[in-house]
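Since the structure is predicted, the reported quantities are computational estimates derived from the model, not experimental observations.
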Amino acid sequence: MPGPECKWSAETGAPCGTDNSSGCLAPVFVYGTLKTGQPNHRVLLDGAHGRAAFRGRARTLEPYPLVIAGEHNIPRLLNLPGRGHLVAGEVYEVDERMLRFLDEFEDCPDMYQRTRLHVALEGARAPLECFVYTTATYPPEWVHLPYLDDYDSQGKHGLRYHPRENR
């Protein structure tokens with residue numbers, strides 16, 4: 001997580017008393033529609049939401065079930081560590097404004113919950129602790145859906161993601 005010069009709220013996990021010029025960034029692991037080449041990646045590039053800097057490709061250190069679920073075929077990382085696959089994704093360092101935007105974008109805490117997990121970042125020697133948006137509350141049948149290790153909205157699974165603007 002951030003260095004000692006950056007204080008983080010134990011309650012919200014967000015930076016305390018910082019502004020966007022402070023350089024205080026939080027690592028966020030994205031595994032679904034926010035990844036490069038996926039339908040919602042553009043929101044990470046939009047400076048109006050804050051700052052997001054690509055740090056690298058990564059994989060979870062523990063297996064998780066990554067499923068495509070719901071009527072809009074949304075990728076969901078079920079908060080069941082130790083079950084599923086090592087999940088591929090990307091790490092972005094985001095400022096406080098982008099983190100707050102992502103909370104709203106991911107409908108946190110209702111649809112997703114912002115939790116922490118450790119990833120192996122390509123080229124890094126040590127694991128990195130990141131924020132991630134997981135699903136803790138879901139219909140029991142989701143546990144029995146096929147588990148993916150790398151989400152692609154156009155993948156062989158045949159379950160096309162329905163973007164928000166088309167719902």
Side-chain angles (χ1 to χ4, degrees), residues 1-2 13 25-46 49-95 98-164 166:
M1 294 305 294
L25 302 175
V28 176
F29 176 74
V30 298
Y31 56 84
T33 65
L34 291 171
K35 292 190 316 184
T36 302
Q38 298 304 309
N40 292 321
H41 181 68
R42 69 189 182 285
V43 304
L44 287 173
L45 305 176
D46 188 341
H49 304 310
R51 190 172 62 201
F54 178 74
R55 180 134 177 221
R57 295 186 45 76
R59 278 203 183 268
T60 59
L61 284 184
E62 282 190 88
Y64 282 86
L66 173 59
V67 300
I68 300 173
E71 68 177 303
H72 303 297
N73 295 325
I74 297 172
R76 313 265 189 155
L77 191 70
L78 305 183
N79 196 359
L80 293 170
R83 191 171 181 170
H85 300 293
L86 300 180
V87 176
E90 299 172 343
V91 173
Y92 289 83
E93 288 185 330
V94 303
D95 65 8
M98 179 62 79
L99 190 61
R100 291 186 192 285
F101 169 80
L102 289 173
D103 281 351
E104 185 177 316
F105 184 81
E106 298 290 5
D107 194 15
C108 179
D110 298 325
M111 185 151 100
Y112 290 97
Q113 295 76 46
R114 179 163 34 101
T115 59
R116 296 174 192 244
L117 57 65
H118 288 88
V119 299
L121 183 66
E122 283 183 1
R125 294 182 189 186
L128 178 66
E129 183 179 40
C130 296
F131 287 125
V132 64
Y133 292 91
T134 61
T135 303
T137 306
Y138 46 85
E141 60 270 15
W142 286 10
V143 174
H144 303 292
L145 293 171
Y147 296 167
L148 305 173
D149 65 346
D150 194 357
Y151 175 79
D152 182 343
S153 63
Q154 301 295 315
K156 294 178 187 175
H157 49 73
L159 300 169
R160 299 295 172 244
Y161 171 74
H162 299 121
R164 291 171 182 225
N166 297 340

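Val43 and Met98 make their closest contact through O-CE, 3.5 Å (heavy atoms, listed as atom of the first residue, atom of the second, distance). The two residues Pro81 and Glu62 make their nearest non-hydrogen contact at CB-OE1, 3.6 Å. Closest approach of Val91 to Val119, counting heavy atoms only: CG2-CG2, 4.0 Å. Residues Glu129 and Pro27 share a closest heavy-atom pair of O-CG, 3.3 Å. Nearest heavy atoms, Pro63 versus Leu86: N-CD2, 3.6 Å. Residues Ala52 and Leu44 come closest through the heavy atom pair CB-O, 3.4 Å.
Remark: the backbone N or O of Arg51 is paired with a side-chain donor or acceptor of Asp95 at under 3.5 angstrom. Within the 3.5 Å criterion, the main-chain N or O of Pro39 finds no donor-acceptor partner in the side chain of Thr33. Under the 3.5 Å distance criterion, the side-chain polar atoms of His157 are matched with a main-chain donor or acceptor of Leu159. Judged by distance alone, the side chain of Lys35 and the main-chain N or O of Asp150 form no donor-acceptor pair under 3.5 Å.
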* Between Phe101 and Val94, does a side-chain contact (heavy atoms from CB on, under 4.5 Å) hold up when you go through it step by step? -> CA-CA 10 Å; Phe101 169 80; Val94 303; over 6 Å; no
* When you look at Phe131 and Arg116, which way does the side-chain contact (heavy atoms from CB on, under 4.5 Å) test go after all the steps? -> CA-CA 4 Å; Phe131 287 125; Arg116 296 174 192 244; 3.7 Å; yes
* Give the intermediate values and the outcome of side-chain contact (heavy atoms from CB on, under 4.5 Å) for residues Arg76 and Trp142. => CA-CA 9 Å; Arg76 313 265 189 155; Trp142 286 10; 3.6 Å; yes
* Asked: Going through the distances and angles, do Thr60 and Val132 end up as a side-chain contact (heavy atoms from CB on, under 4.5 Å)?
  -> CA-CA 10 Å; Thr60 59; Val132 64; over 6 Å; no
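In this structure, Arg59 CZ and Glu122 CD are separated by 9.0 Å, a value rounded to the nearest 0.5 Å. Rounding to the nearest 0.5 Å gives a distance of 4.0 Å between OH of Tyr92 and NE2 of His41. Note that CD of Glu90 and CZ of Phe29 are 9.0 Å apart. Values are rounded to the nearest 0.5 Å. If you take CG on Leu34 and OH on Tyr133, they are separated by 9.0 Å, rounding to the nearest 0.5 Å. Taking CG of Leu80 as the start and OH of Tyr147 as the end, the distance is 6.5 Å to the nearest 0.5 Å. To the nearest 0.5 Å, atom CZ of residue Arg114 and atom CG of residue Asp103 are 4.0 Å apart.
When the options Asn73, Asp152, Asn40 are evaluated for a side-chain hydrogen bond (donor to acceptor under 3.5 Å, both in side chains) with Tyr161, the one that passes is Asn40. Each of Asp149, Thr134, Val87 was checked for a side-chain contact (heavy atoms from CB on, under 4.5 Å) with Tyr31, and the lone residue meeting it is Val87.
No more than 12 heavy atoms of other residues, nucleotides or ligands shown are found within 6.0 angstrom of CD on Glu104.
Using a 4.5 Å heavy-atom cutoff, the side chains of Leu121 and Arg55 are in contact.
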